[in-house]
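Just so we're on the same page: letters track the sequence lines, and every chain starts at 1.
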Amino acid sequence: MRHYNFTEIEKKWQGIWDKEGTFEVKERPGVDKDYILIEFPYPSAQGLHVGHPRSYTALDIVARKRRREGKNVLFPIGFDSFGLPTENYAIKTKTHPKVVTEENIRHFTRQLKSIGFSFDWSRAVTTSDPEYYKWTQWIFLQLFKKGLAYKKKMDINFCPSCKVGLANEEVVGGECERCGAPVVRREKEQWMLGITKYAQRLIDDLDELDFIERVKIQQVNWIGRSQGANIYFPIQDTDEKLEVFTTRPDTIYGATYMVIAPEHPLIDRSRDRLENYEAISEYRHHAKHKSDFERTQLVKDKTGVRLEGIMAFNPISEEEIPIYISDYVMMEYGSGAIMAVPAHDQRDFEFAKAFGERILQTVSGDPVDEKAYTGDGKVINSPLIDGLSVDEAIKKMVQIIVERGLGEEKIQYKLRDWIFSRQRYWGEPIPVVHCEKCGVVPLPEEELPLILPDVESYETTEDGSSPLAAITDWVNTTCPSCGGSAKRETDTMPQWAGSSWYFLRYLDPHNDKALASDEAINYWMPVDWYNGGMEHTTLHLLYSRFWYKFLYDIGVVPTPEPYAKRTSHGFILGENGEKMSKSRGNVINPDEVVRNYGADTLRIYEMFIGDFEKTVSWSMNGVAGAKRFLERVWNLQSMMASESKNYSKDLELIIHQSIEKVGKDYEHLKGNTAIAQLMSLTNAYYQKGSITRGELEVLLLLLNPVAPHMSEEIFENLGNREQISQTKWPSFDREKTLEDQVELPVQINGKVRFRMVFPRGMDKSLVENELKESSDYKSYTEGKTLVKIIVVPDKLISVVVK
RNA sequence: GCCGGUGUGCUGGAAUCGGCAGACAGGGCGGACUCAAAAUCCGUUGCCAGCGAUGGCGUGUGGGUUCAAGUCCCACCACCGGUACCA
């Protein structure tokens, strides 16, 4: 027998799978489909991280197993290739992002293929390919037509030194990540997508889905639904009203002042009447230059300015109350104004203390001298609702407010609309033009894709616009509507755009008539199982559910939800327990592991490393252990002493148990315990010293999804014509997974004192009788009073004595 | 702060429903093979006491429920992730 030459074996089988198209699939009406999806990688210049193969292997195992169970399995791969890191890398190395991307994809493809995943490579998609982004642009146009894509003026992070708009993650401690200059907020017209219109459905439809609980919880909390009321507070001596949202209308008598966000439009509207406009503008100016970071550092120190010269009117207590601006009130949430109830809201309390405002308790409970009282109690100091509980008072007050025309019931979400434009080059151009006469005009669908033009430089222009703005002959165009002169939109889409629908393109990747054919969509959707990182829970996962629901509404897809099931994997850290990074010098390159130990070893180790959902540290010793296991399996070939297809009596139990456990564990992404079981089975074979062909083959059949190259090779060495990938997944006999005799521990007063052997399934009373006869029992209970005996069938016996 | 999660030998980690804690690995120690080493194979390995049989202790801490708790309940501590004054 030759030694285990993994390099040769792996190259051979990868060649066979490639040549034979082993894992390529078509729709097969009438055959059960299974769509298994992993998050496609971002092809970074660093290449594959050892974290990628962890989740890819786990789902590859499921795919390989389910194919052998007769399912028509789609397990695709692609590349999420637009995005900021590539653009920045391109700027640094002065290479076109397209070239960088192509190189990276080649690199990733080679790496992924070297690990032997059973992807259907014929369906690979690349989001930066015009054939692909044609349909990303098409979806945008549909959103635009339905009013879900709109323009809005808003503040962005801007680096005055680099003259570039920055993503939140590029702002570190209030400074620009690249040059260290302080970041400012700058107003910019941005494209927005109306995801908030879908907020309620995005919560409600989670009920039906098989998502791991913490994903559901995080999405629900992120969307952040709260129920309350909008109430209008008149401004004295004007027709103006200040709208506030509150979840606690019961406390309205305690609303002793109001606060509006620094950006609130009331300020400009009331300019003439404000006696301290200068102080107010200064505060506004200051707030504008504060980064998000600074705002969050000053949680305790409430700042603000009172609007001198105008007063609001509390429509229920009928008192005149002052108005302040303060940056603890956010323009993006609710109406950008609050009624402040210092007695029952901690932030309002802190502000009232700082500005000497009146604190009126309206719910009985702890006194409100030191802090706000937020608990339950009876309503006090509130003539219309005194004596009610908080819940009753909320209902009653809402009723009063509605009856008197002072406001309405309101449901408010934390979720904000999706800021969809980027002043960047490496993204999908937004397919609209700006016409002086017609306004914003969408491109006709026949003109898609709107190709991203080449530019000289990828740097943002002077005023912070996208590099596209500098290409005047591209920007200047004609209006599709009136034929007059018009300018193209120069913003591009965010990286999230392409990844919001890629799973649909896999179904029919070369279709130029539609994003995918109806036949393909109807056959394959929804995705049966989607695995990805927890970090994508509130952005990518939510965004793609939103797009899919939209496509459902316009009749493109047949189901309201894209993913039937969602699971999530943990990170892999370096050997020292820290995040892998070049600067820490703890990066493990999967290529080296494949070269030195083989792909099968890498796959085994990635699965054996620990609980799939948890964060784990890499260990080179662990890799060596995985290799040792595979060597032991390889060497079993010389231990095969019989051509019999049968299992010997003494191995029957562990073999049937292994078939049961390994299959179940693979399905639950518990590769670690599945492999532990296969190790135990291998150890049992070594104990025995010689095995039959049937025994060796069943191990290979079970091992195949994790170590496909080696298992196929040995299977072929045994003279089999067919490949394991064409065999049926083995079945087990339930009766044979159970032992005939069971050893029961006997606890006396909670401590295991001795053990007794009984036939499996023996009647409780017979067990009890036999127990009482035993000498061990007698010696432990002598001179004591028996209280009770508990027999848990085939598990244990518990005796209580006094 | 809030939300979510985690805490088990020297290390990574096992332990369907509340039923023998430590499976399976790594590392250590001992042995076989070898001139020797590596590799391989076999044995051993939670901690404390004891030559031993054995006994005691033991799943972050403190309490509780139970015949029985890593698992359930209450209070707390530490760490990790998400989020940022959400009215």
Side-chain angles (χ1 to χ4, degrees), chain A residues 3 213-218 220-222 224-226 228 244-249 251 255 258-259 292-293 295-302 326-330 332-341 344-348 350-351 412-416 533-535 537-538 570-571 573 577 604-605 608-611 613-626 628-629 631-632 635 661 664 668 670 672-683 686-687 689 743-752 755 787-801:
Chain A
H3 78 285
E213 208 49 37
R214 53 185 212 282
V215 168
K216 285 193 186 183
I217 293 169
Q218 277 200 30
V220 169
N221 290 349
W222 181 263
R225 177 193 151 107
S226 52
V244 302
F245 171 73
T246 178
T247 54
R248 294 290 303 277
T251 62
M258 302 187 81
V259 186
D292 288 351
F293 177 77
R295 275 188 157 191
T296 60
Q297 288 308 296
L298 300 167
V299 173
K300 289 287 166 196
D301 288 333
K302 294 281 181 288
S326 174
D327 60 10
Y328 83 93
V329 173
M330 306 283 129
E332 296 81 20
Y333 186 74
S335 56
I338 61 161
M339 61 174 215
V341 184
H344 304 293
D345 182 286
Q346 187 56 29
R347 295 154 303 173
D348 297 346
E350 283 158 14
F351 190 88
Q412 180 69 47
Y413 301 92
K414 279 196 229 178
L415 184 69
R416 298 174 195 172
M534 277 311 284
E535 72 276 17
T537 303
T538 51
F571 292 109
L573 303 174
I604 290 274
Y605 177 64
F608 195 62
I609 192 166
D611 185 334
E613 293 196 355
K614 287 193 194 139
T615 302
V616 290
S617 299
W618 189 266
S619 153
M620 241 28 208
N621 275 333
V623 177
R628 205 169 301 155
F629 166 58
E631 295 270 10
R632 276 164 74 78
N635 292 333
K661 179 158 178 60
K664 201 154 73 178
H668 291 101
K670 296 220 164 263
N672 52 340
T673 49
I675 291 165
Q677 182 67 32
L678 292 172
M679 287 173 169
S680 296
L681 182 62
T682 305
N683 291 344
Y686 269 81
Q687 284 297 322
E743 191 188 58
L744 303 194
V746 180
Q747 295 182 346
I748 311 288
N749 289 345
K751 286 204 188 312
V752 178
R755 289 154 201 286
V787 180
K788 61 173 149 178
I789 295 178
I790 295 153
V791 178
V792 185
D794 300 333
K795 281 277 183 195
L796 60 57
I797 300 165
S798 184
V799 180
V800 187
V801 291

task = Quick one: classify the glycosidic conformation of rG43(B) as syn or anti, with syn meaning within 90° of 0.
result = anti
query = Whole Å only: how far is the CG atom of Asn221(A) from the C1' atom of rC3(B)?
reply = 6 Å
request  = Tell me what Lys751(A) touches on the nucleic acid: a base, only sugar-phosphate, or nothing, going by heavy atoms under 4.0 Å.
outcome  = sugar-phosphate
Rounded distance in Å between the C1' positions of rU61(B) and rA49(B) = 26 Å
ask   = Quick one: on RNA chain B, does Lys788(A) or Gly334(A) contact a more 5' nucleotide (nearest heavy atom)?
value = Lys788(A)
request  = Scan Val259(A) against the nucleic acid and name what it touches under 4.0 Å (heavy atoms): base, sugar-phosphate only, or nothing.
outcome  = nothing
note = Rounded to the nearest 0.5 Å, the NZ atom of Lys302(A) sits from the CD atom of Glu350(A) at a distance of 4.5 Å
ask   = Does a side-chain heavy-atom distance below 4.5 Å link Leu796(A) with Gln747(A)?
value = yes
message = Output the rounded distance in Å from CH2 (Trp222(A)) to P (rG82(B)).
response = 11 Å
task = Compare the minimum distances between each of rA87(B), rC3(B), rC85(B) and the side chain of Arg347(A), then state the nucleotide with the smallest one.
result = rC85(B)
inquiry  = Looking at rG18(B), which nucleotide sits across from it as a Watson-Crick or G-U wobble partner, both distances under 3.5 angstrom, or is there none?
reply    = none
key: Non-hydrogen side-chain atoms of Asn683(A) and Leu681(A) separated by less than 4.5 Å   = no
message = Roughly how many Å apart are rG7(B) and rG60(B), using the C1' atom of each and rounding to a whole number?
response = 6 Å
ask   = With both distances under 3.5 angstrom, what nucleotide forms a Watson-Crick or G-U wobble pair with rA68(B)?
value = none
ask   = With a 4.5 Å limit on heavy-atom distance, are the side chains of Gln218(A) and Met534(A) in contact?
value = yes
task = Sugar-phosphate means primed atoms, P, OP1 and OP2; the rest is base. With that split, encode nucleotides 19-26 of chain B 5' to 3' as B, S or - using protein heavy atoms under 4.0 Å.
result = BB--BBSS
key: Span that lies between the P atom of rG27(B) and that of rA75(B), in whole angstrom   = 44 Å
inquiry  = Considering every strand and a 4.0 Å limit on heavy-atom distances, what is the contact class for Asp611(A): base, sugar-phosphate, or nothing?
reply    = sugar-phosphate
request  = Based on the glycosidic angle (syn within 90° of 0, else anti), state the conformation of rC17(B).
outcome  = syn
inquiry  = Expressed as a whole number of angstroms, how long is the span from Glu213(A):CD to rG4(B):C1'?
reply    = 11 Å
ask   = For Phe629(A), which contact category applies under a 4.0 Å heavy-atom criterion: base, sugar-phosphate, or nothing?
value = nothing
key: d(OH, Tyr686(A); C1', rA32(B)) in whole Å   = 16 Å
query = rC86(B), rA14(B), rA87(B): which one has an atom nearest the side-chain heavy atoms of Arg416(A)?
reply = rC86(B)
Length of the line joining Ile217(A):CD1 and rU83(B):P, which is rounded to integer Å = 17 Å
remark   = Separation between CD (Gln687(A)) and OG1 (Thr682(A)), nearest 0.5 Å, reads 12.0 Å
Base-pairing mate for rG50(B) - Watson-Crick or G-U, with both contacts under 3.5 Å = none
Interface polar pairs with nucleotides 7-9 of chain B, N/O, under 3.5 angstrom:
none

inquiry  = Under the side chain to side chain contact (heavy atoms under 4.5 Å, CB included) test against Ile789(A), which residue among Ile797(A), Val801(A), Val800(A) passes?
reply    = Ile797(A)
message = Would you say that Val623(A) contacts Phe608(A) through its side chain, given a criterion of any heavy-atom pair below 4.5 Å between the two side chains?
response = no
ask   = Rounded to the nearest 0.5 Å, how far does CH2 of Trp222(A) lie from OG1 of Thr537(A)?
value = 10.5 Å
Paired nucleotide for rA37(B) [Watson-Crick or G-U wobble; both distances under 3.5 Å] = none
Along RNA chain B (nearest heavy atom to each residue), the more 5'-positioned of Ile609(A) and Ala337(A) = Ile609(A)
key: Atom P, compared across rG58(B) and rC48(B): separation rounded to whole Å   = 15 Å
Euclidean distance, atom CD of residue Glu332(A) to atom C1' of rC86(B) [Å, nearest integer] = 11 Å
Base paired to rG4(B) (Watson-Crick or G-U; both N/O distances under 3.5 angstrom) = rC80(B)
key: Side-chain donor/acceptor of Tyr686(A) to backbone N/O of Arg632(A), under 3.5 Å   = yes
query = Can you tell me how far C1' in rU66(B) sits from the matching atom in rU83(B), rounded to whole Å?
reply = 40 Å
message = Using Watson-Crick or G-U wobble geometry with both distances under 3.5 Å, which nucleotide pairs with rC24(B)?
response = rG12(B)
key: Closest approach of Val259(A) to Ser326(A) (non-hydrogen atoms, all atoms of both residues)   = CG1-CB, 3.6 Å
query = Mind checking the C1' distance from rC20(B) to rU71(B)? Whole angstroms is fine.
reply = 15 Å
ask   = Where the side chain of Asp345(A) meets the backbone of Val341(A), is there a donor-acceptor pair that is under 3.5 Å apart?
value = no
task = Output yes when Glu332(A) and Lys414(A) qualify as a salt bridge under the 4.0 Å nitrogen-oxygen rule, no when they do not.
result = no
ask   = If the P atom of rU40(B) is compared with that of rG46(B), how far apart are they to the nearest Å?
value = 24 Å
ask   = Does the side chain of Ser226(A) get closer than 4.0 angstrom to OP1 or OP2 of rA87(B) through an N or O atom?
value = yes
inquiry  = Please report the distance, rounded to the nearest Å, between CZ in Arg214(A) and P in rC3(B).
reply    = 17 Å
query = Considering only the P atoms, how many Å lie between rC57(B) and rG70(B), rounded to the nearest integer?
reply = 14 Å
task = Could you tell me the separation between the CD atom of Gln218(A) and the P atom of rG81(B), rounded to a whole number of Å?
result = 13 Å
